[in-house]
J.: 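Below are the C-alpha coordinates for one structure; questions will follow.
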Number of protein chains: 2
Amino acid sequence: MTDITATPPIVRWAVKIEYDGTGLVGWQRQNNGISVQELLENAAARMIGGQIVPSVTAGRTDAGVHAASIVVHLDFPAGTQFRSHQIRDGLSFHLKPHRVVVLDAAPVGAEWSARFSALWRRYRFTILNRPSRAALMENHAWHVKRPLNAELMQKGADYLLGRHDFSSFRASACQANSPMRTLDELSVRREGELIFIETQARSFLHHQVRNMVGSLALVGYGQWEPDKMGEVLAACDRRVAGPTAPSDGLCFLDVGYEENPFSKNS
Amino acid sequence: MTDITATPPIVRWAVKIEYDGTGLVGWQRQNNGISVQELLENAAARMIGGQIVPSVTAGRTDAGVHAASIVVHLDFPAGTQFRSHQIRDGLSFHLKPHRVVVLDAAPVGAEWSARFSALWRRYRFTILNRPSRAALMENHAWHVKRPLNAELMQKGADYLLGRHDFSSFRASACQANSPMRTLDELSVRREGELIFIETQARSFLHHQVRNMVGSLALVGYGQWEPDKMGEVLAACDRRVAGPTAPSDGLCFLDVGYEENPFSKNS
(Lines give C-alpha, C1' and ligand atoms only; values in the text may rest on other atoms or scores of the structure.)
Protein backbone atom coordinates (compact mmCIF):
# COMPACT_ATOMS: atom_id res chain seq x y z
CA MET A 1 0.00 0.00 0.00
CA THR A 2 1.42 3.35 -1.01
CA ASP A 3 1.62 6.11 1.56
CA ILE A 4 -0.59 8.78 0.08
CA THR A 5 -0.09 11.29 2.91
CA ALA A 6 0.72 14.47 1.04
CA THR A 7 4.12 15.84 2.00
CA PRO A 8 3.97 19.63 1.71
CA PRO A 9 6.64 20.73 -0.78
CA ILE A 10 7.52 23.63 1.51
CA VAL A 11 7.49 24.74 5.13
CA ARG A 12 6.12 28.28 5.24
CA TRP A 13 7.19 30.71 7.95
CA ALA A 14 5.73 34.13 8.67
CA VAL A 15 8.33 36.58 9.95
CA LYS A 16 7.85 40.05 11.35
CA ILE A 17 10.71 42.33 10.41
CA GLU A 18 11.99 45.85 11.03
CA TYR A 19 14.32 47.71 8.70
CA ASP A 20 16.00 51.00 8.03
CA GLY A 21 15.58 51.54 4.30
CA THR A 22 18.45 54.05 4.06
CA GLY A 23 20.80 53.02 1.27
CA LEU A 24 18.65 50.06 0.19
CA VAL A 25 16.82 49.86 -3.15
CA GLY A 26 13.60 48.90 -1.38
CA TRP A 27 11.92 45.55 -0.79
CA GLN A 28 12.19 44.08 -4.26
CA ARG A 29 15.31 42.45 -5.72
CA GLN A 30 16.99 44.68 -8.27
CA ASN A 31 20.27 44.74 -10.12
CA ASN A 32 21.22 48.25 -9.05
CA GLY A 33 21.66 47.74 -5.31
CA ILE A 34 20.87 45.80 -2.17
CA SER A 35 17.22 44.99 -1.50
CA VAL A 36 15.55 43.81 1.71
CA GLN A 37 14.27 40.75 -0.18
CA GLU A 38 17.75 39.74 -1.27
CA LEU A 39 19.14 40.20 2.26
CA LEU A 40 16.33 38.19 3.85
CA GLU A 41 16.32 35.36 1.29
CA ASN A 42 20.11 35.11 1.44
CA ALA A 43 19.99 34.97 5.24
CA ALA A 44 17.40 32.18 5.05
CA ALA A 45 19.48 30.29 2.48
CA ARG A 46 22.51 30.46 4.78
CA MET A 47 20.49 28.77 7.54
CA ILE A 48 19.92 25.68 5.38
CA GLY A 49 23.09 25.36 3.34
CA GLY A 50 22.29 27.51 0.35
CA GLN A 51 18.97 26.29 -1.04
CA ILE A 52 16.67 29.00 -2.40
CA VAL A 53 14.04 30.34 0.03
CA PRO A 54 11.49 32.50 -1.84
CA SER A 55 9.70 35.28 0.02
CA VAL A 56 6.53 37.37 -0.26
CA THR A 57 6.00 40.62 1.66
CA ALA A 58 2.92 42.45 2.90
CA GLY A 59 4.35 45.68 1.48
CA ARG A 60 6.77 46.19 -1.40
CA THR A 61 8.34 49.33 0.00
CA ASP A 62 10.32 51.68 -2.26
CA ALA A 63 13.97 52.64 -1.96
CA GLY A 64 14.61 54.56 1.27
CA VAL A 65 11.28 53.62 2.88
CA HIS A 66 11.52 52.12 6.37
CA ALA A 67 9.51 49.46 8.19
CA ALA A 68 8.78 49.30 11.92
CA SER A 69 6.80 46.06 11.72
CA ILE A 70 6.12 44.38 8.39
CA VAL A 71 5.29 40.73 7.74
CA VAL A 72 6.94 38.50 5.14
CA HIS A 73 6.47 34.80 4.46
CA LEU A 74 9.39 32.57 3.57
CA ASP A 75 9.08 29.15 1.94
CA PHE A 76 11.74 26.86 3.38
CA PRO A 77 12.22 23.46 1.71
CA ALA A 78 10.10 20.59 3.06
CA GLY A 79 11.83 18.72 5.84
CA THR A 80 13.58 21.72 7.37
CA GLN A 81 12.80 21.95 11.06
CA PHE A 82 13.18 25.02 13.21
CA ARG A 83 11.68 26.51 16.33
CA SER A 84 10.35 30.06 16.14
CA HIS A 85 13.23 31.64 18.06
CA GLN A 86 15.73 29.81 15.83
CA ILE A 87 14.18 31.38 12.72
CA ARG A 88 14.13 34.80 14.40
CA ASP A 89 17.67 34.70 15.75
CA GLY A 90 19.18 32.76 12.84
CA LEU A 91 17.88 35.17 10.22
CA SER A 92 18.81 38.21 12.32
CA PHE A 93 22.33 36.84 12.72
CA HIS A 94 22.81 36.32 8.99
CA LEU A 95 21.28 39.74 8.25
CA LYS A 96 24.18 41.47 10.06
CA PRO A 97 25.57 44.06 9.60
CA HIS A 98 22.57 45.37 7.68
CA ARG A 99 19.87 47.35 9.43
CA VAL A 100 17.29 44.63 8.90
CA VAL A 101 16.18 42.49 11.83
CA VAL A 102 13.59 39.78 12.49
CA LEU A 103 11.32 40.56 15.45
CA ASP A 104 9.19 37.41 15.46
CA ALA A 105 8.59 34.19 13.53
CA ALA A 106 5.74 31.67 13.35
CA PRO A 107 4.93 28.64 11.17
CA VAL A 108 1.91 29.15 8.89
CA GLY A 109 0.03 26.96 6.44
CA ALA A 110 0.92 26.98 2.74
CA GLU A 111 -2.43 28.64 1.99
CA TRP A 112 -1.54 31.64 4.20
CA SER A 113 0.03 34.63 2.46
CA ALA A 114 1.77 37.63 4.03
CA ARG A 115 0.44 39.63 1.09
CA PHE A 116 -2.98 38.26 0.22
CA SER A 117 -4.15 37.37 3.74
CA ALA A 118 -3.54 40.92 4.99
CA LEU A 119 -6.67 42.81 6.09
CA TRP A 120 -5.06 46.22 6.56
CA ARG A 121 -1.78 48.05 6.19
CA ARG A 122 -0.69 51.09 8.15
CA TYR A 123 1.91 53.71 7.21
CA ARG A 124 3.34 56.77 8.92
CA PHE A 125 4.87 59.70 7.07
CA THR A 126 7.06 62.09 9.07
CA ILE A 127 7.73 65.73 8.16
CA LEU A 128 10.37 67.80 9.96
CA ASN A 129 8.96 71.32 9.70
CA ARG A 130 11.59 73.87 10.73
CA PRO A 131 14.23 76.08 9.10
CA SER A 132 17.18 73.80 9.95
CA ARG A 133 17.79 70.49 8.17
CA ALA A 134 17.62 67.20 10.08
CA ALA A 135 20.54 65.85 12.08
CA LEU A 136 19.00 63.21 14.39
CA MET A 137 16.20 62.43 11.90
CA GLU A 138 18.28 62.50 8.74
CA ASN A 139 16.89 59.93 6.26
CA HIS A 140 13.81 59.50 8.48
CA ALA A 141 11.81 62.63 7.74
CA TRP A 142 10.96 64.99 4.89
CA HIS A 143 12.52 68.34 5.72
CA VAL A 144 10.04 71.15 4.92
CA LYS A 145 11.23 74.68 5.71
CA ARG A 146 7.98 76.54 4.99
CA PRO A 147 5.58 76.51 7.95
CA LEU A 148 2.83 73.91 7.53
CA ASN A 149 -0.62 74.24 9.10
CA ALA A 150 -1.47 70.73 10.32
CA GLU A 151 -5.12 71.62 11.02
CA LEU A 152 -5.66 72.66 7.40
CA MET A 153 -3.87 69.51 6.25
CA GLN A 154 -6.27 67.42 8.35
CA LYS A 155 -9.24 69.20 6.77
CA GLY A 156 -7.85 68.40 3.33
CA ALA A 157 -7.11 64.80 4.33
CA ASP A 158 -10.73 64.22 5.33
CA TYR A 159 -11.78 64.54 1.65
CA LEU A 160 -9.86 61.35 0.84
CA LEU A 161 -11.50 59.08 3.42
CA GLY A 162 -13.68 56.23 2.17
CA ARG A 163 -13.87 54.30 -1.11
CA HIS A 164 -12.69 56.24 -4.17
CA ASP A 165 -10.86 56.04 -7.47
CA PHE A 166 -7.37 57.16 -6.38
CA SER A 167 -5.97 57.64 -9.91
CA SER A 168 -4.88 61.18 -9.01
CA PHE A 169 -2.56 59.76 -6.35
CA ARG A 170 -1.34 56.71 -8.28
CA ALA A 171 2.15 56.29 -9.75
CA SER A 172 2.21 55.77 -13.52
CA ALA A 173 4.15 52.55 -12.89
CA CYS A 174 1.42 51.18 -10.61
CA GLN A 175 0.54 47.59 -11.52
CA ALA A 176 -2.72 47.28 -9.59
CA ASN A 177 -5.75 46.15 -11.64
CA SER A 178 -8.03 48.78 -10.18
CA PRO A 179 -7.49 52.35 -8.95
CA MET A 180 -10.29 51.86 -6.40
CA ARG A 181 -9.15 51.85 -2.80
CA THR A 182 -10.83 52.37 0.58
CA LEU A 183 -9.00 54.74 2.88
CA ASP A 184 -9.95 53.99 6.50
CA GLU A 185 -7.76 56.61 8.16
CA LEU A 186 -5.69 59.63 7.18
CA SER A 187 -4.73 61.65 10.24
CA VAL A 188 -2.39 64.62 10.51
CA ARG A 189 -0.97 65.73 13.85
CA ARG A 190 1.79 68.10 14.88
CA GLU A 191 4.19 67.43 17.77
CA GLY A 192 6.52 70.41 18.01
CA GLU A 193 8.62 70.56 14.84
CA LEU A 194 7.32 67.23 13.61
CA ILE A 195 4.18 66.47 11.64
CA PHE A 196 3.02 62.85 11.60
CA ILE A 197 0.64 61.65 8.92
CA GLU A 198 -0.77 58.20 9.63
CA THR A 199 -2.95 56.27 7.24
CA GLN A 200 -4.57 52.88 7.09
CA ALA A 201 -6.28 50.91 4.31
CA ARG A 202 -6.69 47.32 3.16
CA SER A 203 -4.10 48.15 0.51
CA PHE A 204 -2.57 51.17 -1.20
CA LEU A 205 -1.70 51.99 -4.80
CA HIS A 206 1.95 52.48 -5.75
CA HIS A 207 3.20 55.81 -4.31
CA GLN A 208 -0.31 56.55 -2.98
CA VAL A 209 0.82 57.62 0.50
CA ARG A 210 3.68 59.79 -0.78
CA ASN A 211 1.41 61.35 -3.40
CA MET A 212 -1.30 62.14 -0.85
CA VAL A 213 1.34 63.71 1.43
CA GLY A 214 2.74 65.80 -1.44
CA SER A 215 -0.70 67.29 -2.08
CA LEU A 216 -1.46 67.76 1.62
CA ALA A 217 1.74 69.80 1.92
CA LEU A 218 0.30 72.26 -0.62
CA VAL A 219 -2.72 72.59 1.65
CA GLY A 220 -0.42 73.03 4.65
CA TYR A 221 1.47 75.90 2.98
CA GLY A 222 -1.84 77.63 2.33
CA GLN A 223 -1.29 77.29 -1.43
CA TRP A 224 -4.39 75.09 -1.78
CA GLU A 225 -7.68 75.37 0.11
CA PRO A 226 -8.51 72.09 1.90
CA ASP A 227 -11.45 71.39 -0.43
CA LYS A 228 -9.07 71.34 -3.39
CA MET A 229 -8.19 67.83 -2.18
CA GLY A 230 -11.73 66.74 -3.07
CA GLU A 231 -11.46 68.30 -6.54
CA VAL A 232 -8.11 66.65 -7.19
CA LEU A 233 -9.48 63.28 -6.09
CA ALA A 234 -12.55 63.66 -8.33
CA ALA A 235 -10.40 64.55 -11.35
CA CYS A 236 -8.87 61.04 -11.42
CA ASP A 237 -5.82 62.54 -13.08
CA ARG A 238 -2.30 62.30 -11.62
CA ARG A 239 -1.30 65.58 -13.32
CA VAL A 240 -3.64 67.73 -11.21
CA ALA A 241 -2.31 66.47 -7.87
CA GLY A 242 0.79 67.70 -6.03
CA PRO A 243 4.31 66.27 -6.24
CA THR A 244 5.40 62.94 -4.73
CA ALA A 245 6.81 63.42 -1.22
CA PRO A 246 10.29 61.92 -0.74
CA SER A 247 10.60 58.29 0.32
CA ASP A 248 12.67 58.72 3.46
CA GLY A 249 9.76 60.20 5.44
CA LEU A 250 7.75 57.01 4.95
CA CYS A 251 7.61 54.07 7.34
CA PHE A 252 5.51 50.90 7.03
CA LEU A 253 4.13 50.76 10.57
CA ASP A 254 2.11 47.56 10.80
CA VAL A 255 -0.06 45.03 9.00
CA GLY A 256 -3.06 43.08 10.29
CA TYR A 257 -4.46 39.61 9.59
CA GLU A 258 -7.68 37.87 10.52
CA GLU A 259 -5.64 35.67 12.80
CA ASN A 260 -2.34 37.04 14.08
CA PRO A 261 0.22 34.32 13.23
CA PHE A 262 2.50 35.47 16.07
CA SER A 263 -0.11 35.42 18.82
CA LYS A 264 1.09 32.06 20.20
CA ASN A 265 4.60 33.39 20.76
CA SER A 266 3.81 36.08 23.29
CA MET B 1 41.79 113.42 22.35
CA THR B 2 42.03 109.63 22.29
CA ASP B 3 38.89 107.57 21.77
CA ILE B 4 38.66 105.51 24.93
CA THR B 5 35.44 103.70 23.99
CA ALA B 6 36.22 100.08 24.81
CA THR B 7 35.98 97.88 21.73
CA PRO B 8 35.00 94.39 22.86
CA PRO B 9 37.70 91.99 21.68
CA ILE B 10 35.05 89.49 20.60
CA VAL B 11 31.43 89.17 19.50
CA ARG B 12 29.87 86.25 21.39
CA TRP B 13 27.07 84.21 19.87
CA ALA B 14 24.98 81.57 21.60
CA VAL B 15 23.93 78.78 19.23
CA LYS B 16 21.52 75.93 19.85
CA ILE B 17 22.63 72.79 18.06
CA GLU B 18 21.45 69.24 17.35
CA TYR B 19 23.76 66.38 16.48
CA ASP B 20 23.94 62.68 15.86
CA GLY B 21 27.03 61.55 17.73
CA THR B 22 27.44 58.34 15.71
CA GLY B 23 31.00 58.09 14.42
CA LEU B 24 32.16 61.26 16.20
CA VAL B 25 34.66 61.31 19.06
CA GLY B 26 32.32 63.49 21.13
CA TRP B 27 32.24 67.23 21.77
CA GLN B 28 35.88 67.84 22.54
CA ARG B 29 38.64 68.20 19.94
CA GLN B 30 40.84 65.13 19.81
CA ASN B 31 43.52 63.75 17.54
CA ASN B 32 41.84 60.41 16.97
CA GLY B 33 38.75 61.49 15.08
CA ILE B 34 36.20 64.15 14.23
CA SER B 35 34.67 66.10 17.13
CA VAL B 36 31.59 68.32 17.21
CA GLN B 37 33.77 71.17 18.47
CA GLU B 38 36.12 70.90 15.52
CA LEU B 39 33.23 70.77 13.03
CA LEU B 40 31.50 73.78 14.58
CA GLU B 41 34.62 75.94 15.00
CA ASN B 42 35.73 75.12 11.45
CA ALA B 43 32.29 76.02 10.11
CA ALA B 44 32.45 79.35 11.98
CA ALA B 45 35.96 80.03 10.68
CA ARG B 46 34.77 79.45 7.11
CA MET B 47 32.13 82.15 7.58
CA ILE B 48 34.79 84.79 8.30
CA GLY B 49 37.72 83.79 6.13
CA GLY B 50 39.56 81.41 8.39
CA GLN B 51 40.14 83.24 11.68
CA ILE B 52 39.88 81.09 14.80
CA VAL B 53 36.48 81.06 16.55
CA PRO B 54 36.76 79.38 19.97
CA SER B 55 33.72 77.65 21.46
CA VAL B 56 32.41 76.53 24.85
CA THR B 57 29.57 74.02 25.26
CA ALA B 58 26.96 73.43 27.94
CA GLY B 59 27.78 69.71 27.83
CA ARG B 60 30.99 67.98 26.80
CA THR B 61 29.32 64.85 25.47
CA ASP B 62 31.33 61.63 24.98
CA ALA B 63 31.91 59.76 21.75
CA GLY B 64 28.64 58.41 20.34
CA VAL B 65 26.41 60.56 22.56
CA HIS B 66 23.74 62.58 20.76
CA ALA B 67 22.22 66.01 21.38
CA ALA B 68 18.65 67.10 20.60
CA SER B 69 19.16 70.66 21.84
CA ILE B 70 22.43 71.78 23.37
CA VAL B 71 23.81 75.31 23.64
CA VAL B 72 27.32 76.43 22.69
CA HIS B 73 28.84 79.89 22.64
CA LEU B 74 31.19 80.98 19.88
CA ASP B 75 33.55 83.95 20.09
CA PHE B 76 33.72 85.64 16.70
CA PRO B 77 36.35 88.36 16.21
CA ALA B 78 35.30 91.93 17.07
CA GLY B 79 33.87 93.72 14.09
CA THR B 80 32.15 90.70 12.53
CA GLN B 81 28.50 91.46 11.90
CA PHE B 82 25.79 88.89 11.36
CA ARG B 83 22.08 88.52 11.85
CA SER B 84 20.80 85.53 13.83
CA HIS B 85 19.52 83.62 10.81
CA GLN B 86 22.84 84.17 9.03
CA ILE B 87 24.72 82.53 11.89
CA ARG B 88 22.20 79.66 11.98
CA ASP B 89 22.11 79.01 8.24
CA GLY B 90 25.77 79.83 7.59
CA LEU B 91 27.06 77.43 10.22
CA SER B 92 24.58 74.72 9.19
CA PHE B 93 25.71 75.08 5.57
CA HIS B 94 29.38 74.71 6.43
CA LEU B 95 28.60 71.78 8.76
CA LYS B 96 27.38 69.69 5.81
CA PRO B 97 27.48 66.78 5.22
CA HIS B 98 27.91 66.03 8.91
CA ARG B 99 24.94 65.27 11.09
CA VAL B 100 25.38 68.45 13.10
CA VAL B 101 22.98 71.36 12.59
CA VAL B 102 22.35 74.78 14.16
CA LEU B 103 18.75 75.28 15.27
CA ASP B 104 18.97 78.83 16.58
CA ALA B 105 21.44 81.65 17.21
CA ALA B 106 21.44 84.78 19.36
CA PRO B 107 24.03 87.42 20.31
CA VAL B 108 25.00 87.38 24.00
CA GLY B 109 27.27 89.47 26.19
CA ALA B 110 30.89 88.47 26.76
CA GLU B 111 30.05 87.70 30.39
CA TRP B 112 27.48 85.09 29.37
CA SER B 113 28.69 81.49 29.17
CA ALA B 114 26.95 78.49 27.61
CA ARG B 115 28.65 76.42 30.29
CA PHE B 116 28.75 78.51 33.46
CA SER B 117 25.45 80.35 33.03
CA ALA B 118 23.50 77.10 32.71
CA LEU B 119 20.98 76.44 35.51
CA TRP B 120 20.08 72.89 34.55
CA ARG B 121 20.89 70.16 32.07
CA ARG B 122 18.59 67.37 30.96
CA TYR B 123 19.52 63.99 29.47
CA ARG B 124 17.55 61.05 28.15
CA PHE B 125 18.87 57.50 28.02
CA THR B 126 17.06 55.02 25.76
CA ILE B 127 17.05 51.24 26.20
CA LEU B 128 15.65 48.89 23.54
CA ASN B 129 14.45 45.95 25.61
CA ARG B 130 13.62 43.02 23.35
CA PRO B 131 15.28 39.87 22.01
CA SER B 132 16.08 41.33 18.56
CA ARG B 133 18.81 43.91 18.03
CA ALA B 134 17.97 47.43 16.80
CA ALA B 135 17.45 48.26 13.15
CA LEU B 136 15.63 51.62 13.17
CA MET B 137 17.23 52.66 16.47
CA GLU B 138 20.74 51.39 15.77
CA ASN B 139 23.28 53.70 17.46
CA HIS B 140 20.44 55.41 19.34
CA ALA B 141 19.59 52.90 22.06
CA TRP B 142 21.24 50.38 24.35
CA HIS B 143 20.01 46.94 23.30
CA VAL B 144 19.17 44.86 26.39
CA LYS B 145 17.79 41.36 25.71
CA ARG B 146 16.93 40.41 29.28
CA PRO B 147 13.50 41.71 30.35
CA LEU B 148 13.76 44.83 32.49
CA ASN B 149 11.18 45.83 35.08
CA ALA B 150 10.80 49.61 34.73
CA GLU B 151 8.77 49.95 37.93
CA LEU B 152 11.59 48.41 40.00
CA MET B 153 14.09 50.63 38.18
CA GLN B 154 12.04 53.69 39.15
CA LYS B 155 12.05 52.55 42.79
CA GLY B 156 15.82 52.24 42.64
CA ALA B 157 16.16 55.60 40.90
CA ASP B 158 14.30 57.36 43.72
CA TYR B 159 17.21 56.65 46.09
CA LEU B 160 19.45 58.92 44.02
CA LEU B 161 17.26 62.05 44.10
CA GLY B 162 18.53 65.09 45.97
CA ARG B 163 21.98 66.29 46.99
CA HIS B 164 24.58 63.54 47.43
CA ASP B 165 28.18 62.56 46.99
CA PHE B 166 27.96 60.70 43.63
CA SER B 167 31.48 59.18 43.77
CA SER B 168 29.98 55.72 43.14
CA PHE B 169 28.72 56.92 39.76
CA ARG B 170 31.70 59.05 38.78
CA ALA B 171 34.24 58.15 36.09
CA SER B 172 37.82 57.88 37.33
CA ALA B 173 38.78 60.48 34.70
CA CYS B 174 36.24 62.99 36.06
CA GLN B 175 37.82 66.44 36.50
CA ALA B 176 35.14 68.04 38.68
CA ASN B 177 36.37 69.56 41.95
CA SER B 178 33.59 68.02 44.01
CA PRO B 179 31.63 64.76 43.75
CA MET B 180 28.59 66.52 45.24
CA ARG B 181 25.68 66.91 42.85
CA THR B 182 21.95 67.58 43.23
CA LEU B 183 19.75 65.28 41.16
CA ASP B 184 16.40 66.97 40.53
CA GLU B 185 14.83 64.21 38.45
CA LEU B 186 15.51 60.60 37.53
CA SER B 187 12.45 59.03 35.91
CA VAL B 188 12.09 55.62 34.28
CA ARG B 189 9.20 54.84 31.96
CA ARG B 190 8.44 52.03 29.54
CA GLU B 191 6.76 52.55 26.15
CA GLY B 192 6.42 49.13 24.55
CA GLU B 193 9.89 47.76 23.85
CA LEU B 194 11.56 51.02 24.84
CA ILE B 195 12.58 52.24 28.27
CA PHE B 196 13.29 55.96 28.62
CA ILE B 197 15.32 57.24 31.56
CA GLU B 198 15.23 61.02 31.88
CA THR B 199 17.26 62.98 34.37
CA GLN B 200 17.86 66.60 35.22
CA ALA B 201 20.41 68.39 37.42
CA ARG B 202 22.34 71.64 37.50
CA SER B 203 25.31 69.59 36.32
CA PHE B 204 26.48 65.99 36.16
CA LEU B 205 29.77 64.27 36.88
CA HIS B 206 31.63 62.58 34.02
CA HIS B 207 29.77 59.37 33.02
CA GLN B 208 27.27 59.94 35.83
CA VAL B 209 24.16 59.31 33.73
CA ARG B 210 25.58 56.21 32.04
CA ASN B 211 26.80 54.88 35.38
CA MET B 212 23.42 55.42 37.05
CA VAL B 213 21.74 53.63 34.11
CA GLY B 214 24.18 50.71 34.32
CA SER B 215 23.27 50.17 37.98
CA LEU B 216 19.54 50.67 37.37
CA ALA B 217 19.68 47.91 34.76
CA LEU B 218 20.84 45.50 37.50
CA VAL B 219 17.74 46.50 39.46
CA GLY B 220 15.62 46.03 36.33
CA TYR B 221 16.90 42.47 35.81
CA GLY B 222 15.95 41.65 39.40
CA GLN B 223 19.62 41.09 40.24
CA TRP B 224 19.60 43.96 42.75
CA GLU B 225 16.80 45.01 45.09
CA PRO B 226 15.86 48.68 44.51
CA ASP B 227 17.27 49.70 47.92
CA LYS B 228 20.69 48.49 46.84
CA MET B 229 20.89 51.78 44.91
CA GLY B 230 20.88 53.63 48.23
CA GLU B 231 23.67 51.41 49.60
CA VAL B 232 25.77 51.88 46.48
CA LEU B 233 25.31 55.65 46.65
CA ALA B 234 26.28 55.73 50.33
CA ALA B 235 29.44 53.68 49.69
CA CYS B 236 30.98 56.53 47.62
CA ASP B 237 33.00 53.92 45.77
CA ARG B 238 32.84 53.42 42.00
CA ARG B 239 33.76 49.72 42.40
CA VAL B 240 30.50 48.79 44.14
CA ALA B 241 28.24 50.25 41.44
CA GLY B 242 27.19 48.58 38.18
CA PRO B 243 28.89 48.86 34.79
CA THR B 244 28.80 51.98 32.59
CA ALA B 245 25.93 51.82 30.08
CA PRO B 246 27.00 52.34 26.45
CA SER B 247 27.17 55.86 25.07
CA ASP B 248 24.84 55.48 22.10
CA GLY B 249 21.72 55.32 24.27
CA LEU B 250 22.46 58.78 25.67
CA CYS B 251 21.09 62.05 24.32
CA PHE B 252 21.62 65.56 25.72
CA LEU B 253 18.01 66.79 25.63
CA ASP B 254 18.09 70.40 26.73
CA VAL B 255 19.77 73.05 28.88
CA GLY B 256 18.21 75.99 30.73
CA TYR B 257 19.41 79.52 31.56
CA GLU B 258 18.05 82.25 33.79
CA GLU B 259 17.25 84.18 30.65
CA ASN B 260 16.72 82.19 27.45
CA PRO B 261 19.07 83.85 24.93
CA PHE B 262 16.87 82.67 22.01
CA SER B 263 13.58 84.03 23.34
CA LYS B 264 13.67 87.09 21.08
CA ASN B 265 13.87 84.95 17.94
CA SER B 266 10.58 83.14 18.22
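All values below come from the heavy atoms of this structure, side chains included, with hydrogens, waters and symmetry mates left out. Numbered from 1 within each chain, the chains take letters A, B, ... in sequence-line order.
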J.: What part of A:R133 gets closer than 4.5 Å to chain B, counting heavy atoms only: side chain, backbone, both or neither?
T.: both

J.: Any idea which heavy atoms bring B:A135 and A:E18 closest together, and the distance?
T.: N-OE2, 3.1 Å

J.: Highest number of heavy-atom pairs under 4.5 Å with chain B: which of A:H98, A:K96, A:H140, A:E193?
T.: A:K96

J.: According to salt bridge (Lys or Arg N to Asp or Glu O under 4.0 Å), does anything in residues 41-62 of chain B pair up with another residue at least two apart or in another chain? List the pairs.
T.: B:R29-B:E41, B:D62-B:R210

J.: Considering only heavy atoms, which portion of B:I17 lies under 4.5 Å from any heavy atom of chain A: side chain, backbone, both, or neither?
T.: neither

J.: Please flag which part of B:A68 lies under 4.5 Å from any non-hydrogen atom of chain A: side chain, backbone, both or neither.
T.: both

J.: Taking only residues two or more places apart in sequence, or in another chain, which ones meet A:F204 in a ring-ring contact (aromatic ring centres under 6.0 Å, His included)?
T.: A:Y123

J.: CZ/B:R130 to CG/A:D104 distance, rounded to the nearest 0.5 angstrom?
T.: 11.0 Å

J.: Under the criterion side-chain contact (heavy atoms from CB on, under 4.5 Å), which of A:V101, A:T22, A:D20 is the partner of B:L136?
T.: A:D20

J.: Does the side chain of B:P131 reach to within under 4.5 Å of the side chain of A:H85, using non-hydrogen atoms?
T.: no

